[in-house]
K.L.:
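Sharing a structure, written as structure tokens. Questions coming.
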Amino acid sequence: MDLSLTDEQEFLREAARGALARVDTVAAARAAIEPAGSPEHAPLPDLWPTVVEAGWPGLLTSEDGGGAGLGLYDAILVAQEAGAVLAPVPLVSVLPAATILDAAGDADSAAAAGGELRVAWVPAAPPTDLDDRWTVEARSGVRRGGLPTGVLDGDQVTLDGEVAWVPDAPNADRLLVIADVAGTPTAVLVEAGAAGLTVEDVTRYDATRPLGHVRLAAAVGRRVDADADAIGRAWHIAQALLAGEAVGIVERLLPIAVAYAKERHTFGRAIGSYQAVKHHLVEVLRLQENAKSLLIYAAWASEHAPEQLALAAAAARSGAGHALDYATRETISVHGGIGATWEHDAPLYFRRAQLSRRLLGGDHGAADRVAGELLAGVTPA
Amino acid sequence: MDLSLTDEQEFLREAARGALARVDTVAAARAAIEPAGSPEHAPLPDLWPTVVEAGWPGLLTSEDGGGAGLGLYDAILVAQEAGAVLAPVPLVSVLPAATILDAAGDADSAAAAGGELRVAWVPAAPPTDLDDRWTVEARSGVRRGGLPTGVLDGDQVTLDGEVAWVPDAPNADRLLVIADVAGTPTAVLVEAGAAGLTVEDVTRYDATRPLGHVRLAAAVGRRVDADADAIGRAWHIAQALLAGEAVGIVERLLPIAVAYAKERHTFGRAIGSYQAVKHHLVEVLRLQENAKSLLIYAAWASEHAPEQLALAAAAARSGAGHALDYATRETISVHGGIGATWEHDAPLYFRRAQLSRRLLGGDHGAADRVAGELLAGVTPA
Amino acid sequence: MDLNDDPEQAAYRAQVRAWLADHAAQAPKVRGADAIADEDERIEAWRGWQAELAKGGLCGVTWPQEFGGAGKGPIEQVIVNQELAHAGVPGPLDFIGLGMMGPAIIVHGSDEQKRRHLGPMLHADEVFCQLFSEPAAGSDLAGITTRAVRQDDGSFRISGQKVWTTNAQFAAFGVLLARTDADVPKHKGLTMFIVPMDAEGVTIRGLRQISGEAEFNEVFLDEVQVGADAVLGEVGGGWATALTVLMFERLSIGTSPIGYSAEKFAAVIADAPGAREDSDVRQRLGAIGTELIASRFAGHRLLSDLAGGGLPGPEFGLGKVTVVSAAVSAGDLIADVVGPEALDDASEWAYMISFLPGLKSAGGTEEILRNTIGERVLGLPPEPRLDKGVPFSELKAREIEGVA
Amino acid sequence: MDLNDDPEQAAYRAQVRAWLADHAAQAPKVRGADAIADEDERIEAWRGWQAELAKGGLCGVTWPQEFGGAGKGPIEQVIVNQELAHAGVPGPLDFIGLGMMGPAIIVHGSDEQKRRHLGPMLHADEVFCQLFSEPAAGSDLAGITTRAVRQDDGSFRISGQKVWTTNAQFAAFGVLLARTDADVPKHKGLTMFIVPMDAEGVTIRGLRQISGEAEFNEVFLDEVQVGADAVLGEVGGGWATALTVLMFERLSIGTSPIGYSAEKFAAVIADAPGAREDSDVRQRLGAIGTELIASRFAGHRLLSDLAGGGLPGPEFGLGKVTVVSAAVSAGDLIADVVGPEALDDASEWAYMISFLPGLKSAGGTEEILRNTIGERVLGLPPEPRLDKGVPFSELKAREIEGVA
């Protein structure tokens with residue numbers, strides 16, 4: 001039994017930290033949400049070259065598929081580093097896409113893994129114990145949408161439908177759409193400029209996470225030969241990566257809040273000596289450590305127990321999402337109001353937490369899937 | 001605007017407190033849950049004569065109907081006193097029954113109001129915004145049961161069906177069953193010894209609340225001429241009375257917990273000086289005061305805004321139930337373990353809280369009805 | 001049990017309603033999507049509206065008549081608040097001046113101060129702000145470090161920094177708490193001043209929140225000179241004056257209408273596909289509704305107490321905890337149900353979701369409140385105080401050494 | 001990342017499993033509905049089973065071989081725990097002796113104490129209990145008032161009261177913390193003793209819980225005489241000995257299997273009509289499952305650390321907070337879903353629902369743990385201590401006066 005990081009993993013993490021330190025991404029996140037036209041506004045820096053240079057698009061792609069052939073935990077480590085500094089890198093979008101292309105042995109796998117093609121995955125969730133449909137994000141409401149439909153002709157698929165709130169859709173070269181083709185979930189690669197495809201930029205609240213509503217009206221794409229397992233696995237991987245980002249943020253915020261609680265005095269004592277502050281910061285630690293344990297479970301399941309991946313990834317998302325929500329609020333609270341002001345970084349993390357909580361099925365959807373897997377009798381390791 | 005107690009209400013409350021002080025009801029509650037046959041066991045004292053003497057069965061019955069013609073707040077005041085000392089008095093059972101008999105101008109109204117007849121109401125909940133059935137408690141699960149069915153012949157109704165967890169059913173002279181007679185909710189009075197009626201004693205966990213499963217197999221009763229409004233009102237009154245009992249307990253426990261937190265020292269300080277203890281006790285106070293406000297709303301709605309009674313009574317039940325749950329746990333917690341031992345009173349109140357939370361639709365059912373009424377557009381005063 | 005007005009109150013309500021019916025058309029739009037966009041224009045229009053309200057007797061309802069008030073009680077203030085809400089028009093611009101600063105001047109001010117300030121405040125010719133909170137003092141008002149040094153000519157020079165100041169950007173005066181003596185224990189040695197906001201050395205800076213809006217200001221004071229007649233109350237008696245202000249603040253919060261309503265939240269939920277049938281959504285809405293309705297009736301209870309001659313105790317602050325927590329939960333629920341669209345700037349919910357975390361925590365508000373209520377209402381023992389009886393100057397030195 | 005045994009561990013596991021396969025049939029039923037009903041009979045059968053386990057090398061796994069142990073590490077202890085659970089047989093009767101008291105004797109005991117006690121403890125001939133907690137001291141072990149007065153002949157007379165004592169009713173010895181000097185500050189002046197539970201002056205009384213079962217005992221000591229050779233460690237060095245015990249306790253908790261499983265809770269929910277389709281039930285089950293699964297993998301992380309030579313820090317106690325809180329929530333959920341039947345004595349859930357509130361709060365456990373972790377792990381400053389350096393006798397006097 002050894003869950004410690006390997007030397008390679010330590011190196012990967014350090015390298016990621018170094019690559020992301022070249023730009024002050026937190027400052028960039030703030031400047032990007034300033035009103036366009038104001039002197040403080042600046043568009044987000046384009047970190048895609050950094051992503052490509054670091055080899056992240058191909059992290060999970062097999063060596064045969066043109067990638068590095070690493071494990072989910074490696075990708076999670078990178079996601080933690082990216083989350084910690086709010087780096088605008090589309091891991092939750094390109095990595096799931098790459099795994100599908102790799103599983104399919106697709107001709108474009110190597111280009112996606114190498115970053116020559118920026119392929120955004122259009123998220124589709126596998127069925128649950130209660131709902132036997134594959135589903136996609138709706139624009140609003142608690143009812144999820146059905147997959148876009150596809151009609152197959154040779155290798156070509158004609159697509160109709162809509163998927164809301166797709167990460168990185170506005171910046172992608174291609175979209176990897178999951179469509180219902182005669183009752184089978186089917187991956188379809190569509191060029192960004194294809195006729196019948198529109199991507200409405202709906203980036204909201206946190207500029208570091210570009211979002212688009214994807215509409216398909218007789219848009220034509222190319223079929224990718226991935227099976228339902230590979231397509232479902234992409235969903236779970238995305239959940240685990242979101243969880244990784246969240247944990248990275250919590251690990252960044254806790255020391256900041258602790259330091260402030262030590263130096264800030266009120267009524268003659270450091271505020272961190274008061275139980276109301278101390279116990280809440282310990283709660284952040286508890287949630288953080290639980291979330292880290294769940295990241296390990298997700299990564300372990302991905303490698304050793306694929307039948308548990310849905311449970312593990314959903315639990316990681318649910319636990320890390322809760323930790324992130326709690327930690328961002330607590331950071332604001334410990335700072336006694338100053339933490340809610342624009343100059344402080346805490347609001348930027350709060351915005352990230354609020355938005356992330358509602359993407360890709362939402363934290364609540366993840367908790368629901370945890371329940372569903374347990375009710376269906378899946379036994380965690 | 002005057003929400004203070006009238007002199008009559010002060011008197012009623014004092015009288016209730018005095019009447020209930022004649023027996024050590026808390027000690028009796030403990031002795032009654034000792035295993036039968038053990039030397040510590042003693043059956044519950046019969047407080048029905050006290051109830052009758054005090055005139056409580058007829059509190060809500062009009063003077064024409066043989067009662068005192070008081071308002072819901074008066075009944076709530078008595079419920080608070082009864083709750084505070086865990087008195088085994090069946091207010092949530094006989095008062096709703098009495099209001100139905102009174103509304104019907106029934107011949108037995110005066111006898112019920114005077115306590116010569118102990119009539120236990122067999123609870124039935126009115127429809128919600130989502131479920132247009134009248135429903136009753138099921139033995140288990142989150143799906144509520146349908147009403148017993150009734151076939152009318154003259155004044156006689158032949159009943160079939162089951163209602164689980166009926167308060168005071170084991171002790172009643174008559175049961176007031178709500179049955180579905182040709183699609184209309186209909187109140188039917190059944191003798192305790194009637195053929196086809198069985199009452200299974202299922203008193204659980206808290207001996208002061210006798211419970212029975214009521215089974216009707218071609219049992220014959222007499223129709224009571226109450227309309228659906230009166231029958232629904234009985235449900236809401238019962239919710240408000242449960243809320244009153246709960247508030248009575250919370251008001252009893254908070255000073256006990258506060259006193260202990262003042263006298264008990266650890267690490268050289270009274271534990272009540274620690275924020276972890278202090279802030280939680282203030283939370284008990286907050287929940288208590290909110291619940292008291294909601295009792296006032298329920299009583300006010302009952303008198304002045306019947307269209308808001310469902311919302312008000314459900315909110316009172318929901319708020320007071322939450323306060324009770326929190327307060328009983330916090331009392332145990334403040335006492336640092338001693339509060340969980342048999343000799344302490346806190347476990348008896350905890351048992352009452354745990355059981356009450358699951359009766360008459362449950363605290364969760366009440367919260368659901370609050371949501372339903374708000375979603376249906378009811379506007380609280 | 002009676003929620004209704006007595007005859008005298010009913011008559012007053014009818015009179016207020018009649019006045020508003022005649023004048024509502026003049027009221028500017030100051031909030032929401034159709035508010036006047038330009039801030040200066042909006043403030044000017046609002047100023048005019050307050051002057052109009054004052055003419056109608058709807059400002060300074062509880063002020064004595066000799067100072068231009070209506071000489072009524074808090075119930076009548078509530079009736080005015082209710083009728084303003086009912087008419088859908090804004091209240092006065094300077095709720096801080098009318099509700100807190102004016103009453104404090106009435107209690108502690110010199111005759112000259114009353115003469116000079118109350119009239120212009122009432123008519124919004126001169127708006128007031130409150131300069132108490134400081135970045136370093138947080139929730140501990142007695143720990144403030146802004147200092148006022150008496151000059152040989154009897155005037156004072158004030159230097160320091162204030163924060164969380166509402167309305168500073170257009171206020172004419174601020175009521176400021178400063179330390180005039182650092183060598184006595186920290187509750188002593190404080191003095192209250194009335195400071196012109198356009199005095200030399202005053203700098204005002206907007207403090208933007210998560211939403212991007214500047215809800216509050218920072219105010220910097222650099223050797224600001226004020227005369228001896230700027231002292232409100234006694235030199236060294238600032239703490240007592242501050243307590244008066246806080247008491248009026250409590251009353252003011254208690255009698256203000258609640259800003260968040262269960263019905264409004266329910267209406268959004270009802271519109272989101274699938275939400276109404278979702279039992280988790282219903283449980284959450286039910287809990288939020290229960291709390292908000294409770295807080296509404298807590299307000300009625302307070303009024304009943306006021307009518308009976310009582311004054312709100314510190315426990316009344318729990319009502320604010322209830323409302324803010326319920327609104328935070330409602331924001332969570334709405335964004336969960338509506339989705340990311342609820343976070344868009346154009347959404348009416350993004351502002352609430354962004355604003356509340358700061359409101360909830362500014363100055364450790366909720367924790368301090370729970371301490372106060374635990375001690376004053378429940379009678380629980382206080383935390384051990386390390387700063388009792390220690391001169392302020394020494395206390396700061398200890399803190400810097402990290403041994404306090 | 002590897003959850004699997006290394007070859008050496010795998011070999012050990014195979015050996016343990018083989019032994020258990022041969023002996024499982026002899027194991028008594030000690031828990032659940034088919035447990036041996038009579039308590040005395042049950043304890044005797046369990047005692048015999050521990051002796052059997054000891055023969056097989058499955059007791060005292062981490063004890064040095066010279067004291068009859070297996071001389072292995074904590075990982076092997078976990079392997080034994082896992083295999084016991086896997087075989088569905090109970091572990092040793094005296095988990096307190098084997099896990100904490102024995103190791104403390106090994107560290108602090110005299111040669112004679114080791115010789116006298118370790119063997120009988122290992123084979124359950126003599127069960128041990130822990131006599132630390134007191135009604136008045138609560139979570140503050142250093143505040144204990146049980147006093148041991150040295151007699152002229154060197155023996156001690158011990159008087160006082162202990163509480164929350166598991167297994168006292170059938171223990172042969174208790175390891176007891178007493179105050180031997182009240183005139184020094186309270187962490188000093190403590191001494192640890194090994195006390196025969198059948199000594200004159202020892203009275204044991206069951207402490208019934210909400211469930212009606214006696215989970216714990218009170219132990220009264222009235223002038224109980226023990227020889228100088230009963231001192232464990234140094235006279236006046238009891239605090240250090242106690243810390244050793246607490247460290248072993250932490251390790252023991254950390255390596256024990258978790259008692260509550262998400263699967264088992266889910267199975268009940270799945271059986272309750274309508275529950276599976278209810279989104280509120282699912283959210284609650286999802287949250288509970290998330291926490292319990294996290295705690296399971298936190299256990300794996302601990303083992304990985306142990307394998308790497310680490311020792312569990314205080315933050316590991318958070319795992320217990322997680323499990324207890326999740327189990328409390330699960331009890332709530334199950335009773336909500338199953339209904340009052342879940343509260344019946346015959347239900348497997350009533351016991352859990354009744355037992356946990358006491359467990360959660362006994363001695364302010366969770367609050368103290370959060371303090372400790374906040375201070376030791378996060379490095380937050382401690383609460384101001386009013387009792388530091390003050391002689392214990394004076395501290396008690398202050399407390400009685402209510403000025404402490």
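Residue numbering restarts at 1 for every chain, and letters A, B, ... go by the order of the sequence lines.
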K.L.:
For the CD atom of C/E366 and the OG atom of A/S333, what is their distance to the nearest 0.5 Å?
P.N.:
8.0 Å

K.L.:
Please report the C-alpha distance between A/R357 and C/D332 in whole Å, then the side-chain angles of each, then the deciding distance to 0.1 Å, and finally whether the side chain to side chain contact (heavy atoms under 4.5 Å, CB included) criterion is met.
P.N.:
CA-CA 10 Å; A/R357 169 174 166 162; C/D332 284 348; 3.5 Å; yes

K.L.:
Does A/R269 come within less than 4.0 Å of C/E383, counting only side-chain N to carboxylate O?
P.N.:
yes

K.L.:
For A/L348, is it the side chain, the backbone, both, or neither that has a heavy atom closer than 4.5 Å to a heavy atom of chain C?
P.N.:
neither

K.L.:
Report the option among C/S354, C/A335, C/A342, C/A350 that has the most heavy-atom pairs separated by less than 4.5 Å from atoms of chain A.
P.N.:
C/A335

K.L.:
So, for A/R264 and C/E134, which heavy atoms are closest and what is the spacing to 0.1 Å?
P.N.:
NH2-O, 4.5 Å

K.L.:
For a quick test of reading the model, state the closest non-hydrogen atom pair linking C/P357 to A/F350 and the distance between them.
P.N.:
CG-CZ, 3.6 Å

K.L.:
Any heavy-atom pair between the side chains of A/V202 and C/P340 that's under 4.5 Å?
P.N.:
no

K.L.:
Charged N to carboxylate O below 4.0 Å: is that the case for A/R139 and C/E341?
P.N.:
no

K.L.:
Identify which part of A/R143 has an atom lying under 4.5 Å from any heavy atom of chain C, answering side chain, backbone, both or neither.
P.N.:
both

K.L.:
Taking only heavy atoms into account, what residues of residues 32-44 of chain A are found under 4.5 Å from chain C?
P.N.:
A/E34, A/P35

K.L.:
Between C/I269 and chain A, which part of the residue has a heavy atom less than 4.5 Å away: side chain, backbone, both or neither?
P.N.:
neither

K.L.:
Going from CG on C/L207 to CH2 on A/W342, what distance comes out if it is rounded to the nearest 0.5 angstrom?
P.N.:
12.5 Å

K.L.:
Which one wins on heavy-atom pair count under 4.5 Å against chain A: C/V328, C/L343, C/D278, C/D280?
P.N.:
C/L343

K.L.:
Apply the test side chain to side chain contact (heavy atoms under 4.5 Å, CB included) to residues A/T341 and C/F216: give CA-CA distance (whole Å), side-chain angles for both, the deciding distance (0.1 Å), then the verdict.
P.N.:
CA-CA 9 Å; A/T341 56; C/F216 305 107; over 6 Å; no

K.L.:
Name, in order of residue number, those residues of residues 314-331 of chain A that have a heavy atom at a distance of less than 4.5 Å from a heavy atom in chain C; otherwise write 'none'.
P.N.:
A/R329

K.L.:
Have a look at A/S140 and tell me which of C/V338, C/V337, C/D271 forms a side-chain contact (heavy atoms from CB on, under 4.5 Å) with it.
P.N.:
C/V338

